[in-house]
Every structure is written in structure tokens, then in C-alpha cells.
Amino acid sequence: MAHFNSLPFAAAEAAFLECCGSLRWAHRMAAHRPYPDLGALLAASDEAGYDLAPSDIAEALAAEPAPCLHHDAPRAAHLALRAAHAAYESRFGHTFVICLDAYGPSQHVDQVLAGIRVRMEHEVDEERAVTAEELRRLARSRIVELVTADLGR
């Protein structure tokens, strides 16, 4: 944490932007350093995530890549995932996001497809809330990776 906390502001902000694509969120996270420990950092991430305006969430979603498959996956799986993403984006106007930390790589495609199928049934406001929560979960996961990589220095 010491190295991360001592990064120049611009470097910390850029690192946070890799965790969540909202400039406002990343700026806030970088500005509130130093963080005493990972727990405090994750709590700050959640708080900043809950404070995001719809435009901030849209900005973060625009920076999110759609969950994808390994290039060796069967062609049918790629086609199914591409069609599911297109249907989701058509309905909700943004990329489908899901945090897959609880699943092994072999389960990712099934979880993504199941997630899209379930979430396509949501009303727009309900899906907006679910999407914001998934963005918060993704940010937390990426922060853990960031800090873990930082500890290895």
C-alpha cells in the first residue's frame, strides 16, 4: 500500500481508471489517498461507486469491454455470446457487465449467458441498479489485483 499511496496523483488516477472507467470516481479515489489498508481502500471504492451520477456510470460503461471468450472456444459459443451481447445492448443501450470472480474460467461463458438471459427480463431501472452494482464489484476486484501487484514490488 505504501508504494501505491505514494504514486504521483496522475499515476494513481490512471491506475484507478483501469479499475473503473469513471474519471470522477478515479479522481476521487486518487484524491483520498493515503489509504491505511486494503479494507479502507475497498470501502472508499464502494462509497465512491454509490455516489456516481448516471453520466458517470455511462462513462464507466463506455470504458468496459464486453465479457468475451478465449479464442479457442467453439465457434457456436462465440456466436451465442455475440448475439446475447447485441440483444442486451439493444435493450439497455450499453455493454453488459458482470463480475465473474466467484467462477472459474470454464464457467464464464455459461455465467455470462445466464446473466444476460436473466437480466434481459429486468425493467430499465432495475437493470440500471444491477449494472451499477456489477461495476462496483468489478472495481473492487480490480483494486485487489492492483494492490496485490503493488505488494509484489
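Source: prediction; values computed, not measured.
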Chi angles and distances behind the salt bridge (charged side-chain N to carboxylate O under 4.0 Å, His left out) call for R119, E126: CA-CA 9 Å; R119 289 168 56 185; E126 180 182 13; over 6 Å; no
List the steps and the verdict of salt bridge (charged side-chain N to carboxylate O under 4.0 Å, His left out) for R136 and D46. CA-CA 6 Å; R136 283 188 291 278; D46 286 343; 5.6 Å; no
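Proximity of a side-chain donor or acceptor of R91 to a complementary backbone N or O of H122 within less than 3.5 Å is detected. When atom types are taken as modelled, the side chain of N5 and the backbone of Y35 share a donor-acceptor pair closer than 3.5 angstrom. For the pair R33 (side chain) and L7 (backbone), a donor-acceptor distance under 3.5 Å is present. Between the side chain of Q107 and the backbone N or O of G104, at least one donor-acceptor pair lies under 3.5 Å. A donor-acceptor contact shorter than 3.5 Å links the side chain of E59 to the backbone of L23.
Side-chain contact between I98 and L100 is present, with at least one heavy-atom pair separated by less than 4.5 Å. Taking 4.5 Å as the limit, some side-chain heavy atom of S45 sits within range of a side-chain heavy atom of W25. Using a 4.5 Å heavy-atom cutoff, the side chains of I143 and L38 are in contact. Residues F16 and H27 have side chains not in contact (no heavy-atom distance under 4.5 Å, counting atoms from C-beta outward). Side-chain contact between Y50 and E133: present, with at least one pair of heavy atoms (C-beta onward) separated by less than 4.5 Å. Within the 4.5 Å cutoff, no side-chain heavy atoms of D37 are placed close to those of L41. Using a 4.5 Å heavy-atom threshold, the side chains of C19 and L146 count as touching. Between H94 and E89 there is no side-chain heavy-atom pair separated by less than 4.5 Å.
Using a 4.0 Å cut-off between charged side-chain N and carboxylate O, R28 and D51 make a salt bridge. With respect to R137 and E134, a salt bridge is recorded, a charged nitrogen being found less than 4.0 Å from a carboxylate O.
Summarising the geometry, atom CZ belonging to F96 is positioned 11.5 Å from atom CG belonging to L61; distances are rounded to the nearest 0.5 Å. Note that the CG atom of L135 and the CZ atom of R142 stand 8.0 Å from one another [nearest 0.5 Å]. Interatomic distance, CG of D56 versus CZ of R24, reported as 4.5 Å (0.5 Å rounding). F92 CZ to T131 OG1: the interatomic distance, rounded to the nearest 0.5 Å, is 7.5 Å. The CD1 atom of I116 lies 8.5 Å from the OH atom of Y88; values are rounded to the nearest 0.5 Å.
Shown here is F9, whose CZ atom has more than 12 heavy atoms of other residues, nucleotides or ligands within 6.0 Å.
Under a hydrophobic-cluster definition in which Ile, Leu, Val, Met, Phe, Trp and Tyr are linked whenever side-chain heavy atoms come within less than 4.5 Å, directly or via other members, F4 and L42 are assigned to the same cluster. The same ILVMFWY cluster, assembled from side-chain heavy atoms under 4.5 Å apart, contains both V109 and M120. Hydrophobic clustering, with ILVMFWY side chains joined whenever heavy atoms are under 4.5 angstrom apart, groups M1 together with M29.
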